[in-house]
Amino acid sequence: AKEAEKLRVRHAAEIAAAEQRHSAKLEEMERLHAEKLARRDASHAFAIRFQSRTGVAQLQSATDALKRELATRAKRTATWAQKRSHAARSLARARAAREKERER
C-alpha cells in the first residue's frame, strides 16, 4: 500500500510538472502568436497608410490633369466664340455695305 501511495504521489508530481511545462509552452506559443499578429497588423496598417497616401497623390494628380484639360477646353471654346463673333460682325458689315450699294 505504501508503494502504491509513493507511486501515486510520484505520478501526481510528474503530472503536475508536465502540466506546468505544458502551460509554460502554451503561454510561450500565445505570446509568439500575439507578437506575430501585432507585426502583421503593423505591416497591414503601414500598407493601408501607404496605399491611401499614394491613392491621394494619384487622385490629386488626376484632379490637376482634369483642371488643366478643362482650362484648355474653356480657352479653346472662348477662342472659337471670339472667332465666330468676329466672322458674324464682318458678315453683318458686308451685308450692310451691299444693301447700301443697292440703295444707291
Side-chain angles (χ1 to χ4, degrees):
K2 279 188 174 183
E3 287 290 325
E5 182 64 26
K6 283 182 183 176
L7 197 57
R8 196 167 52 86
V9 168
R10 195 173 81 207
H11 282 199
E14 287 175 1
I15 289 173
E19 285 177 348
Q20 193 175 15
R21 284 193 309 269
H22 182 69
S23 66
K25 182 80 169 171
L26 273 178
E27 287 173 6
E28 177 71 12
M29 287 174 63
E30 287 173 357
R31 185 183 63 76
L32 290 174
H33 187 64
E35 287 175 3
K36 181 180 175 183
L37 288 179
R39 282 194 308 272
R40 188 184 70 193
D41 290 347
S43 66
H44 181 68
F46 173 79
I48 293 296
R49 283 196 312 273
F50 181 76
Q51 189 177 28
S52 66
R53 278 198 307 260
T54 55
V56 167
Q58 287 171 347
L59 186 63
Q60 185 65 40
S61 64
T63 304
D64 292 345
L66 182 62
K67 282 182 186 175
R68 285 193 304 273
E69 175 68 22
L70 290 175
T72 304
R73 284 185 193 174
K75 188 175 178 183
R76 192 179 309 137
T77 303
T79 302
W80 279 108
Q82 190 177 30
K83 285 184 178 183
R84 277 194 304 273
S85 72
H86 287 314
R89 197 174 337 144
S90 295
L91 289 172
R93 281 192 199 131
R95 192 177 308 120
R98 275 195 308 269
E99 288 177 8
K100 224 178 209 183
E101 281 293 318
R102 281 186 205 155
E103 288 176 6
R104 284 186 189 175

Inset, instruction - Can you establish whether the number of heavy atoms outside Glu5 located under 6.0 Å from its atom CD is more than 12? - result: yes

* Just wondering, more than 12 heavy atoms not from His44 lying within 6.0 Å of its NE2? -> no

Sorted by chain and number, sequence neighbours left out, side-chain hydrogen bond (donor to acceptor under 3.5 Å, both in side chains) with Glu28 holds for Arg31

Interatomic distance, NZ@Lys36 vs CG@Leu32, rounded to 0.5 Å, equals 10.0 Å

Output for pair (His22 NE2, Glu27 CD), nearest 0.5 Å, gives 10.5 Å

inquiry  = Other residues, nucleotides and ligands only: do more than 12 of their heavy atoms fall within 6.0 Å of CD on Glu14?
reply    = yes

Review point. Is there side-chain contact between Lys67 and Thr63, with at least one heavy-atom pair below 4.5 Å?
Key: yes

Those residues at least two apart in sequence (or on a different chain) that pass side-chain hydrogen bond (donor to acceptor under 3.5 Å, both in side chains) with Arg21 are none

Would you list the atom pairs, donor with acceptor, under 3.5 Å between side chains in residues 86-98 and any protein atom, with sequence neighbours excluded?
from  : atom 1 : to    : atom 2 : distance (Å)
His86 : ND1    : Arg89 : NH2    : 3.1
Ser90 : OG     : His86 : O      : 3.1

Rounding to 0.5 Å, atoms CG (Asp64) and CG (Leu59) come to a distance of 9.5 Å

When rounded to the nearest 0.5 Å, the distance separating CD1 of Ile15 from CD of Gln20 is 14.0 Å

